[in-house]
Amino acid sequence: MPTVRRFWIEFDRDHRSVLWWAEPYAGVTGFDEQDCLAMVADLIPSYQELPPVRSITVDISLAQELPVNRPSIGVPVWRGVWYPPTNLQTGPTWRPRGVNRAFNPSYEPTTASEIVHAKTRWWDEIPHINRLLWPLVTMHYADLADHMRRFAPVEREHVATNSVYGDMVREALDYMIARRPTPSEWFDPTRTRFFDQRELDEYLRAFRDYLFGNRSEPIYPPDNSRLPPDAGTALDDRARDAGGQNIL
């Protein structure tokens, strides 16, 4: 496998509104500058372009003082974007962009991490996923839940005005709905928690119906701090048990 290196990318501040993390920086570990810029581009809608690059620091040392909070940094030894810390959600992605077993049958994972990750990344099965990370994964991040009301109408307009892109999104969503990822599978890349399969199925169908049907708005990602539906009942039961013990 080619060697990965750490890159610190600084974008033009005047265009940083394109970046949902609102800071004109990205920390990425990849094979080269183009590989890293492509991974950052996957974090924004496909119909937007990355802001102009002001500077790129190669082999950035984490001992240097960076203009971001250190707790906001992901895992710099993994290939992927570690600021913002999205590789904490997707894990390491060791396979180079464009390398596919269908086109390169001799390719084999070479590290334990790569082998494990290849077995657990269920979203790699989704049609066109390399071009649709934004509408199928990134937009549903738990950290972006508050921004969904702004992102969703723009995405809806784009699938309506770009038939090729719209067909790809429709096919991919149909596949996801039919496959029915489990709540734990969905949590893996998005860090968004659903309590049960029914709730997640309804969320995905509502998103598809919003983009391609007559639904006026999607179901927005749930708040991860909410309590399970039966939490109140469980607390009441414990309170009654405690009260009964006190009486005795």
Side-chain angles (χ1 to χ4, degrees), residues 16-23 25-29 39-46 48 68-76 78-93 117 120-126 129-156 158 169 172-173 175-177 179-211 215 217-232:
R16 65 179 179 176
S17 61
V18 173
L19 308 173
W20 53 259
W21 54 99
E23 295 290 345
Y25 313 108
V28 196
T29 296
M39 285 189 280
V40 177
D42 282 341
L43 300 182
I44 65 174
S46 60
Q48 292 185 328
V68 297
N69 293 327
R70 293 220 169 250
S72 301
I73 291 177
V75 184
W78 290 349
R79 177 178 174 268
V81 180
W82 42 269
Y83 184 81
T86 59
N87 69 358
L88 292 178
Q89 298 168 315
T90 60
T93 55
H117 197 58
T120 57
R121 283 183 47 142
W122 64 269
W123 58 92
D124 283 338
E125 307 165 6
I126 302 171
I129 186 60
N130 287 336
R131 300 179 63 182
L132 300 178
L133 278 173
W134 171 256
L136 301 182
V137 177
T138 310
M139 186 187 292
H140 308 277
Y141 281 179
D143 292 343
L144 296 185
D146 292 340
H147 300 280
M148 186 73 159
R149 295 178 190 277
R150 176 165 59 93
F151 295 143
V154 179
E155 186 67 22
R156 186 183 197 181
H158 190 53
V169 174
L173 278 174
Y175 175 89
M176 290 174 65
I177 291 169
R179 187 193 180 280
R180 302 185 72 201
T182 65
S184 61
E185 287 176 327
W186 186 255
F187 182 81
D188 191 9
T190 66
R191 289 300 184 265
T192 300
R193 182 174 290 106
F194 286 89
F195 292 136
D196 54 41
Q197 189 69 53
R198 179 202 57 77
E199 186 182 33
L200 176 55
D201 289 347
E202 183 180 5
Y203 173 84
L204 292 175
R205 287 194 301 267
F207 185 62
R208 185 197 185 283
D209 291 344
Y210 172 75
L211 293 183
R215 190 180 178 97
E217 62 180 28
I219 295 175
Y220 297 102
D223 183 352
N224 280 354
S225 64
R226 62 188 179 139
L227 295 175
D230 59 351

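It should be emphasised that the depicted structure is a prediction, and the values quoted were computed from it without experimental measurement.
Distance check: L173 CG to L136 CG gives 5.5 Å after rounding to the nearest 0.5 Å. For the atom pair R180 CZ and L204 CG, the distance stands at 10.0 Å (nearest 0.5 Å). One finds the CG atom of N87 at 7.5 Å from the OG1 atom of T29 (value rounded to the nearest 0.5 Å). We find the CD-CG distance between Q48 and L19 to be 9.0 Å, quoted to the nearest 0.5 Å. Considering CH2 of W122 and OG1 of T182, their distance stands at 8.5 Å, rounded to 0.5 Å.
In plain terms, the two heavy atoms of E217 and Y210 that are nearest each other are CA-CD1, 3.3 Å. The shortest heavy-atom contact between Y83 and V68 is CZ-CG1, 3.4 Å. Between V169 and P135 the shortest heavy-atom distance is CG2-CG, 4.3 Å. Smallest separation of non-hydrogen atoms from I73 and P85: C-CB, 3.9 Å. The nearest pair of heavy atoms linking I129 to D124 is CG2-O, 4.0 Å. The heavy-atom pair separating M148 from P221 by the smallest distance is CG-CD, 3.8 Å.
In this structure, I126 and L132 have side chains that are not in contact, with every pair of non-hydrogen atoms separated by 4.5 Å or more. At least one side-chain heavy atom of V81 sits under 4.5 Å from a side-chain heavy atom of V28. P45 has its side chain out of reach of H158: every pair of non-hydrogen atoms, C-beta onward, lies at least 4.5 Å apart. Side-chain atoms of W186 and T192, non-hydrogen and from C-beta on, do get closer than 4.5 Å to each other.
Using a distance-only test at 3.5 Å, with no hydrogens or angles considered, no donor-acceptor pair links the side chain of D209 to the main chain of R215. Using modelled atom types, one side-chain atom of W21 and one backbone atom of Y25 make a donor-acceptor pair closer than 3.5 Å. Remark: the backbone N or O of L133 is paired with a side-chain donor or acceptor of T138 at under 3.5 angstrom.
When each of Y220, F194, F207, W123 is checked for a ring pair (Phe, Tyr, Trp, His ring centres under 6.0 Å) with H140, only F207 meets the rule. Of the listed residues (W20, W134, Y141), just one forms a ring pair (Phe, Tyr, Trp, His ring centres under 6.0 Å) with F151, and that residue is W134.
Contacts of E185 classified as salt bridge (charged side-chain N to carboxylate O under 4.0 Å, His left out), with partners at least two apart in sequence or in another chain: R179. In this view, R208 and D174 satisfy the salt bridge (charged side-chain N to carboxylate O under 4.0 Å, His left out) rule, not counting sequence neighbours. Applying the salt bridge (charged side-chain N to carboxylate O under 4.0 Å, His left out) criterion to R198, with sequence neighbours excluded, gives E202.
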